[in-house]
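Read through the structure below, which is laid out as structure tokens, and then see the notes.
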Amino acid sequence: MGAGRGNKLGSVPSSPTIRAARGVRDILPPERWRWRQVESAAHELARRYGFEELETPIIEPAELIERGVGEGSDAGGKELYRLLSQGRSQASLVLRPEATAGVMRAYHEGHLDLGPQPQRLYSLGSMFRHDRPQAGRYRQFHQFNVEVLGSNAAAIDAELIEMGWEWLHGLGLNGLRMELNSIGDETCRPAYLVLLRSYYRPLKERLCADCQRRLEDNPLRLLDCKRPECREQSGGAPRIIDHLCSPCQESIAEVRRLLEAAGIPYRLEPTLVRGLDYYTRTVFEYQLDSLDGAQSALGGGGRYDGLAKALGFPDTAGSGFAMGLERIVLSLPPGPAPAPAIELLVLPAEGVEAEAAARLTRLARTRVAAAADHSPRSLKAKMRSAARSGARWVAMVDPAEASAGRVRLRRMDSGEQSELSWEEMVEVLG
Ligand code: HAM
């Protein structure tokens, strides 16, 4: 404790003001109320599509993320939060940067693979990526994550895309776009990557430093680099959609047919490749025009039939998406203000026992959201504070009233006031 100050209640803190860590943010009550609406819509959507909720830990073994998301990817590599190990096990742990690898682990570890297939699973929770913070990009952020495990049907991809689209639309977001691509599988992708490398090699000097590095170990990512110098080159690159094997061709054709039949608008985007290593075949992203360039993706996903094997589990097909809640809440049209949290405030006058005020509040709480103002202020000051709180009612009580079981109940909007017994107050409140 600096210079002996700041260790007693009420003393002046001697150190600089403590602030939230860089790249994370508080969600304060008025905003949290909007989050609650978005989350409720997510639960409701999931229920209607027959999904069950699960929760996986925020902490996962490093190996799960490195093998699943890919050490070479940003989220599974340089942006990974690593925990300093403690204790004897020396386990290497990380904060999860995304949920899919953890859901795949939980599916096998929890024997969901023995249940009816496919399993439709969803979760809401925090993810962590140590990226450079900016508007719409945080180091702790939240996702609505949706996965279908145990089916390789293209129809599942279409169902998921429709589900995400319906949710975003239902939230009232305008200017939505959906981009779709196929990035092939282990049969057709290797030959395409050879083509892609030979296209880019002569252009290497014109690419950004990151892409020069990616050229050999992750050339697909060159296609979606947002830097102008790289975008200039990606236009002429061979398109993977033109180099798919026939099962992959059939799969994307089926997804497109189903989306068209469902009336979901989409744009085939040959440079869409996604940033995580586990995808095969279908990939998609939801974009919002009004969001800034690199942060314009509200969500995205795709099929990941190779993930289970990469993690050492029995072969399991999977497909899913995740939505970024920060970006969605930021983009919502203005809505109604939240209702005040306290509907009735009990205002005990000086001399009223705290226990009596608590009893009166407890009674009020059987009908409305109620709290008591226990501060040692004058009744006038308490009334001013009650008006600011937006409470619909106040219940004033002095010591004589408290012992007689009486109360003055006032409607704050009309100023109408009546003197009642406590039981009568409960009746009036409804
Ligand atoms: P992702 O594209 O990495 O996919 O993330 C999904 C969404 O999370 C993004 O579109 C964005 O809205 C939000 N997001 C990502 N990083 C940040 C950040 N630093 N700050 C704020 N929002 C962010 C996945 O995570 C995959 N696991 C999705 C998936 C599920 N694929 C199959 N199943």
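As the structure lists them, so they are numbered: ligands from 1, and atoms in each ligand from 1.
- Side chain of Arg139 to backbone of Asp131: a donor-acceptor contact under 3.5 angstrom is found.
- Checked against a 3.5 angstrom limit, the closest N/O atoms of Gln143 and ligand 1 fall inside it.
- Note on ligand 1: Arg137 sits in its first shell, one or more heavy atoms being nearer than 4.0 Å.
- For the pair Glu52 and Arg120, the salt-bridge criterion is not met [side-chain N within less than 4.0 Å of a carboxylate O].
- When heavy-atom distances to ligand 1 are checked against a 4.0 Å cut-off, Leu298 comes that close only through its backbone atoms N, CA, C and O.
- Ranked by closest heavy atom to atom 26 (C) of ligand 1, the top entry among Tyr278, Tyr138, Phe321 is Tyr278.
- At a 4.0 Å heavy-atom cut-off, ligand 1 touches Arg274 through the side chain alone.
- For the ligand labelled ligand 1, residue Tyr286 lies outside the 4.0 Å heavy-atom shell.
- Atom numbering of ligand 1 starts at 1 in the shown order; those under 4.0 Å from a heavy atom of Tyr304 are 32 (C), 33 (N).
- Look at Gly300 and you'll find a heavy atom under 4.0 Å from some atom of ligand 1.
- Distance from atom 29 (C) of ligand 1 to its nearest protein heavy atom, with residue and atom name: Tyr279 OH, 3.4 Å.
- In terms of modelled atom types and a separation under 3.5 Å, the side chain of Asp185 and the main chain of Thr187 share a donor-acceptor contact.
- Within the 3.5 Å criterion, the main-chain N or O of Glu269 finds no donor-acceptor partner in the side chain of Thr271.
- Within the 4.5 Å cutoff, side-chain heavy atoms of Leu288 are placed close to those of Leu176.
- Counting heavy atoms of neighbouring residues, nucleotides and ligands inside a 6.0 Å radius, atom CZ of Arg132 does not exceed 12 of them.
- Proximity of Gly136 to ligand 1 is established by a heavy-atom distance of less than 4.0 Å.
- Looking at Asp157, Thr282, Thr280 one by one, the single match for side-chain hydrogen bond (donor to acceptor under 3.5 Å, both in side chains) with Arg303 turns out to be Asp157.
- Side chains of Gln37 and Trp33: no donor on one and acceptor on the other come within 3.5 Å.
- Among protein heavy atoms, atom 11 (C) of ligand 1 sits closest to Arg327 NH1, 3.5 Å.
- Ligand 1 places these atoms under 4.0 Å from at least one heavy atom of Asn145: 30 (C).
- The shortest contact between atom 24 (C) of ligand 1 and any protein heavy atom is with Leu276 CD1, 3.5 Å.
- Interface of Ala322 with ligand 1, defined as ligand atoms under 4.0 Å from a residue heavy atom, comprises 6 (C), 7 (C), 28 (C), 29 (C), 30 (C).
- No hydrogens or angles considered: nothing links the side chains of Tyr107 and Glu147 as a donor-acceptor pair under 3.5 Å.
- Regarding atom 33 (N) of ligand 1, its nearest protein heavy-atom neighbour is Glu147 OE1, 2.8 Å.
- Residue contacts with ligand 1: Glu98 is placed with a nitrogen or oxygen under 3.5 Å of a nitrogen or oxygen of the ligand (distance criterion only).
- The N/O atoms of Glu326, backbone and side chain alike, include none that comes under 3.5 Å of an N/O atom in ligand 1.
- Proximity of His130 to Pro97: side-chain heavy atoms (C-beta onward) are nowhere separated by under 4.5 Å.
- Under a 3.5 Å cut-off, the side chain of Lys226 and the backbone N or O of Asp224 do form a donor-acceptor pair.
- Between Gly299 and ligand 1, a contact under 3.5 Å exists for at least one N or O pair.
- Heavy atoms of Gly275 stay at 4.0 angstrom or farther from ligand 1.
- Closest protein heavy atom to atom 13 (C) of ligand 1: Gly324 CA, 3.6 Å.
- Between the side chains of Tyr278 and Thr100, at least one donor N or O sits under 3.5 Å from an acceptor N or O.
- Residue, atom and distance of the protein heavy atom nearest to atom 14 (N) of ligand 1 are Phe141 CE1, 3.5 Å.
- With hydrogens and angles disregarded, no donor-acceptor distance shorter than 3.5 Å links the side chain of Ser385 to the backbone of Ala381.
- Within the listing of ligand 1, atoms 31 (N) sit less than 4.0 angstrom from a heavy atom of Gly301.
- Between Ala297 and ligand 1, at least one N/O pair is under 3.5 Å apart.
- With hydrogens and angles disregarded, no donor-acceptor distance shorter than 3.5 Å links the side chain of Asn181 to the backbone of Phe284.
- For a threshold of 3.5 Å applied to N or O pairs, the pair formed by Thr100 and ligand 1 contains at least one separation below that value.
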